[in-house]
Amino acid sequence: MSSESRKAFPFSEFEPKWQAEWEAKNAFRTPNPGDANFDASKPKYFVLDMFPYPSGNGLHVGHPEGYTATDIIGRFKKMSGFNVLHPMGWDAFGLPAEQYAIKTGTHPRVTTEANIANFTKQLKSLGFAYDWSREVNTTDPGYFKWTQWIFLKLYNSYVGDDGKAHPVSELETQGLSRAEIDARRLAYVSEAPVNWCPELGTVLANEEVIDGKSEVGGHPVERRPMRQWMLRITAFAQRLIDELDGLDWPESIKLLQRNWIGRSEGAEVRFAIADLQSQISNPEITVFTTRPDTLFGATYMVLAPEHPLVEVLATEEQAAEIEAYRGKTARKSDLERTELAKDKSGVFTGAYAINPVNQERIPIWIADYVLMGYGTGAIMAVPAHDERDFEFAQKFGLPIMQVVQPPEGRDWQGYTDDGIAVNSGFLDGLTTPDAKKKITAWLEEKGLGKGTVNFKLRDWLFSRQRYWGEPFPIVWEDGHHRCLPEGELPLLPPDLEDFRPTGTPEPPLSKATDWVRYSATATRELNTMPQWAGSCWYYLRYCDPRNDQRFVGEAAEQYWMGGGKPGGVDLYVGGTEHAVLHLLYARFWHKVLFDLGFVSTPEPFQRLVNQGLILGEDGQKMSKSRGNVVNPDDVVREHGADALRLYEMFMGPLEQVKPWSMKGVEGVYRFLARVWRLVMEVDDEGVWSLSKALQDVPANKALTKALHETIKKCGEDIEKLSFNTAISQMMVCTNAFTGAEVKPAGAIATFLRVLSPFAPHLAEELNARIRDAFPHLAAAGFVSDEAWPVYDPAALIEDEVEIVFQVNGKLRDKARVPVAAGKEEIEAIALASARVQEFMEGKPAKKIIVVPGKLVNVVV
RNA sequence: GCCGAUGUGGUGAAACGGUAAACACAGCGGACUUAAAAUCCGCUGGCGGGCAACCGCCUUGUGGGUUCGAGUCCCACCAUCGGCACCA
């Protein structure tokens, strides 16, 4: 017996066949504006997947989850009369690809090519309707030429007073010096403490460090000062918050981004330093506080250990202790610093400041609970109304003074919420919000401070000490950087024999001595860009992927990214893991390009949906060590691509976390086989032929109703991305047809159109089979080119509906009544019911609620 | 600690404030078969009653509330998962 005849339907024969047909006939090629076969009368729909890293492990079952969802939407929109852009590509630069290359000892280009070939084969075996002619690859010089070009735009831009990006040439016109301009560029060099990961041999962005360890590999990360390229994302912090409002994103993701950006309103307050011993140009400490209303309760100050004023302020008696403490904190890794977060530590500097509001002398301390990177790196401590200051003051015996009166029954010590100001001079009696306003106005009037806004977001550390990334189009000469002319792009990385990290902060590109020398006096920048660079704009490249004159053609960008909404991409599907990485970075780049006039919308992605993680059969996260990983190739081999697609959509709501079940795959596989047998039958030899029950007859009333309900519900459910319920409805419909003795071929052909976005191979195959016998009933070409069927509302209406009778809200009886029956009529039928009367126990009805078509509730 | 999401049968899950559990999985029974697999048909939340078709009560994490009527809305609490975490 051949393995084929054991299959419930011959998917392994027809699935590859249709994939080849689609490819041969360019079934999913999407023309651009200006192309010969472009139909400008149709609306556009841009549906985007988060493109994968082509890792050596190949596709896992999480990939097809999102990809199937977008494929169904894309196919549905195409059938509904849209020009659909549904592309795929490769995020092939970056750590995972390079780590794999290092592990296997081959050049990253070679392993990346092989992995892409494998991913392509796997994706094609699932029948996704991608326009493969638009495939992009971030490591392709034709692509990263434009990544480098965008970097030059960042390098040559600054943010003006209007909060928008402008070319730095404007600053040149204004006569600013080179140093002044360099200090304002969106891409700039900074010597600052950064996240250095010795194991990976590179620095990492804040977003890539989790609990003091690298996101990739989980290696320890330490802080050390290094000269690095930064991108001024902080200049866009407010817009990145505000412009979330116009987007159709899950509220939880918006919140995640808002929290990451971390806006807080407050005031800067300047404290004079008492008893100055040395000459300081600016003898004061500026602090940021969100609670200026508590200024009267500031009983000491704290500077971050790294604060530049510490050296100046420390008295001789305290100097040794201060130095020891600073050394200790500097050596601590981020991980240690978090672990030790519980216990407060600090040292008195010996110096005092003057509280501007009451002229009190208050001691200045240093402590590592104050971070140099946030606000001004200095705080006024109000121990009565801040948990950290309270803890610190208790430990070191510093005074605690109440300045906020909490509501009745609450202790004022450590009370951090709003209340009424007390012991605060001219603020006494005011509520916290009023007191904030008054003190801020007072500070501004006296020139002692001002209202201000602070963000947790830091600038984006943009350089990496790795080989496998885009080289910076920058050269250095006389200690200054300058950019390459656009004509020299793409700047290819050198061909290195040994591309491993050096193990020191010296990037591996330093080994390419010829490449490094740009001219007699200039050398190239040795760092490379991070993985995120290529993924910040790939969706734009898809619009016009082979353009070698521009990063994207204007007409293509305006058509595919346009549409009158803030975001250009109509639907973006991917995992939550990019909530504050890729999705924030891409929005930032897009805004810069928007300000400079290169794109037509302020936001890249209008609607975002996060697919939920698929867990292993044991309910645990899939991992090699647990041995619960499901390989999609195995599923395709055993049950077919359509079954894999359908199962992943049937598991549950797209956005939910859900466990895999092989039994569940078999369930949808059986459903597909039932659809197959509506059209086909098998003889004793195991040979399939057209079913004799399939005839050119009109569907009866019940089957017509089932079909039209399915057309309606599936159309609505696809729009809602509620694929599991759409599939349920197709099962209901199929069960109805299975029960019929004669199968109406025309109705089944229509059903196949509804099925086709979900199970495109089976739909094409059965359509072709029906077409062989009844050419006038089936689609002449591909089902995917057909129009989505229109349901007939009249077919959904029944003569009678079942009405539920309740007494005091409890179900007691039911009856079928004509749909046309009026309220009084239904009410009379209900009251006549023996069971209703029984439960009314002879009492009169106090109230009768009649919901036509639904129920009657009698209240006694 | 703060923020967010989720809690419904043995399992994955459905359910405009209106018959809780659609559709599947698993289980049970039947038809077909020498037999098995496959397929087709039926049953399948819990407790109690009846020979029976059937009948009653209970049930959406817990406790309150709004409503003629609550899985759905409101308040409080509990549990699980995810994110952030000395951000002044």
Side-chain angles (χ1 to χ4, degrees), chain A residues 5-8 210-211 250-256 258-260 262-264 266 287-291 294 302 304 337-338 340-344 367-371 373-382 385-389 391-392 416 454-458 576-577 579-580 612-613 615 619 621 647 650-653 655-668 670-671 673-674 677 682 722 724-732 734-735 738-739 802-814 835 845-851 853-860:
Chain A
S5 60
R6 257 188 272 122
K7 296 195 163 115
I210 295 166
D211 292 334
E251 277 308 314
S252 55
I253 297 291
K254 289 188 184 181
L255 203 63
L256 233 43
R258 286 197 191 99
N259 290 344
W260 186 264
R263 180 185 203 273
S264 18
V287 302
F288 172 74
T289 176
T290 56
R291 292 297 299 272
T294 61
V302 186
R337 233 166 136 155
T338 341
L340 299 171
K342 297 275 179 297
D343 208 17
K344 292 278 177 293
D368 64 0
Y369 83 91
V370 173
L371 310 171
Y374 182 76
T376 61
I379 62 155
M380 64 178 215
V382 184
H385 307 295
D386 180 280
E387 279 176 39
R388 295 148 303 186
D389 298 345
E391 206 185 309
F392 192 83
T416 57
N454 243 293
F455 297 94
K456 278 195 243 180
L457 185 71
R458 315 290 165 82
T576 339
E577 66 271 22
V580 290
L613 199 65
L615 304 173
K621 206 167 172 172
Y647 172 64
F650 187 60
M651 291 172 84
E655 304 185 44
Q656 207 160 90
V657 180
K658 45 214 177 270
W660 186 268
S661 157
M662 222 55 221
K663 287 286 185 191
V665 180
E666 282 168 32
V668 294
R670 282 203 282 268
F671 159 67
R674 272 207 303 287
R677 284 194 307 272
V682 70
S722 181
N724 54 333
T725 52
I727 294 167
S728 297
Q729 181 59 38
M730 289 192 285
M731 288 172 168
V732 171
T734 302
N735 291 344
T738 298
E802 190 177 66
I803 301 280
V804 169
F805 301 151
Q806 298 180 333
V807 178
N808 291 333
K810 278 189 190 271
L811 173 70
R812 294 307 179 188
D813 204 2
K814 304 171 188 181
R835 296 219 359 112
K846 271 192 220 153
K847 194 170 181 181
I848 300 175
I849 286 102
V850 181
V851 183
K854 283 275 184 199
L855 59 73
V856 177
N857 188 11
V858 181
V859 185
V860 296

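Within every chain, numbering begins at 1; the chains are lettered A, B, ... in the order of the sequence lines, protein sequences first and strands thereafter.
Residues forming a side-chain contact (heavy atoms from CB on, under 4.5 Å) with A:V851 (at least two apart in sequence, or on another chain): A:I849, A:K854, A:L855. Annotation: side-chain contact (heavy atoms from CB on, under 4.5 Å) contacts of A:V657 (sequence neighbours excluded): A:L613, A:L615. Under the rule for a ring pair (Phe, Tyr, Trp, His ring centres under 6.0 Å), A:F650 has no partner lying at least two apart in sequence or in another chain.
For a distance-only test at 3.5 Å, the side chain of A:Q806 fails to qualify as a donor-acceptor partner of the base of B:U19.
Nearest nucleotide to the A:F288 side chain, out of B:G12, B:C3, B:A88: B:A88. Of all nucleotides listed (B:C58, B:A88, B:A14), B:C58 comes nearest to the side chain of A:K810. Of the candidate nucleotides B:G18, B:A14, B:G12, B:G18 has the atom nearest to the side chain of A:V851. Which of B:G56, B:C68, B:C86 sits closest to the side chain of A:R812 comes down to B:G56. Of the candidate nucleotides B:A88, B:C3, B:C86, B:C86 has the atom nearest to the side chain of A:K344. Listed candidates were B:A88, B:C23, B:G56. Nearest to the side chain of A:T290 is B:A88. Considering only the side chain of A:K663, B:C25 comes nearest among B:G18, B:C25, B:C55. The side chain of A:Y369 approaches B:C86 more closely than any other nucleotide in the set B:A15, B:C86, B:C68. Minimum atom distance to the side chain of A:Q656 is reached by B:A13, of the listed B:C68, B:A13, B:U19. You'll find that the side chain of A:T725 is closest to B:A14, out of B:C86, B:A14, B:G4.
Counting non-hydrogen atoms under 4.0 angstrom, A:G664 reaches nothing in the nucleic acid. Within 4.0 Å of A:D389, counting heavy atoms only, lies no atom of the nucleic acid at all. Within 4.0 Å (heavy atoms only), A:V804 reaches at least one base atom of the nucleic acid. Within the nucleic acid shown, A:T576 has no heavy atom closer than 4.0 Å to any nucleic acid atom.
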Strictly under 4.0 angstrom, non-hydrogen atoms only: write out the protein contact profile of nucleotides 35-49 of chain B, one letter per nucleotide from the 5' end, B, S or -.
----SS---------
Restricting both atoms to N or O, compile the protein contacts to nucleotides 70-74 of chain B shorter than 3.5 Å, with distance only.
none

Would you write out the dot-bracket form of RNA chain B, 5' to 3', with Watson-Crick and G-U pairs under 3.5 Å, [ ] for crossing pairs, | for pairs to other strands and . for unpaired bases?
(((((((..(((.....[....))).(((((.......))))).(((((....)))))..(((((..]....))))))))))))....
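Taking only side-chain nitrogens and oxygens, A:S728 never comes nearer than 4.0 Å to OP1 or OP2 of B:A13.
Seen from the ring of A:F392, A:K344 does not count as a face-on cation partner, given the 6.0 Å and 45° thresholds.
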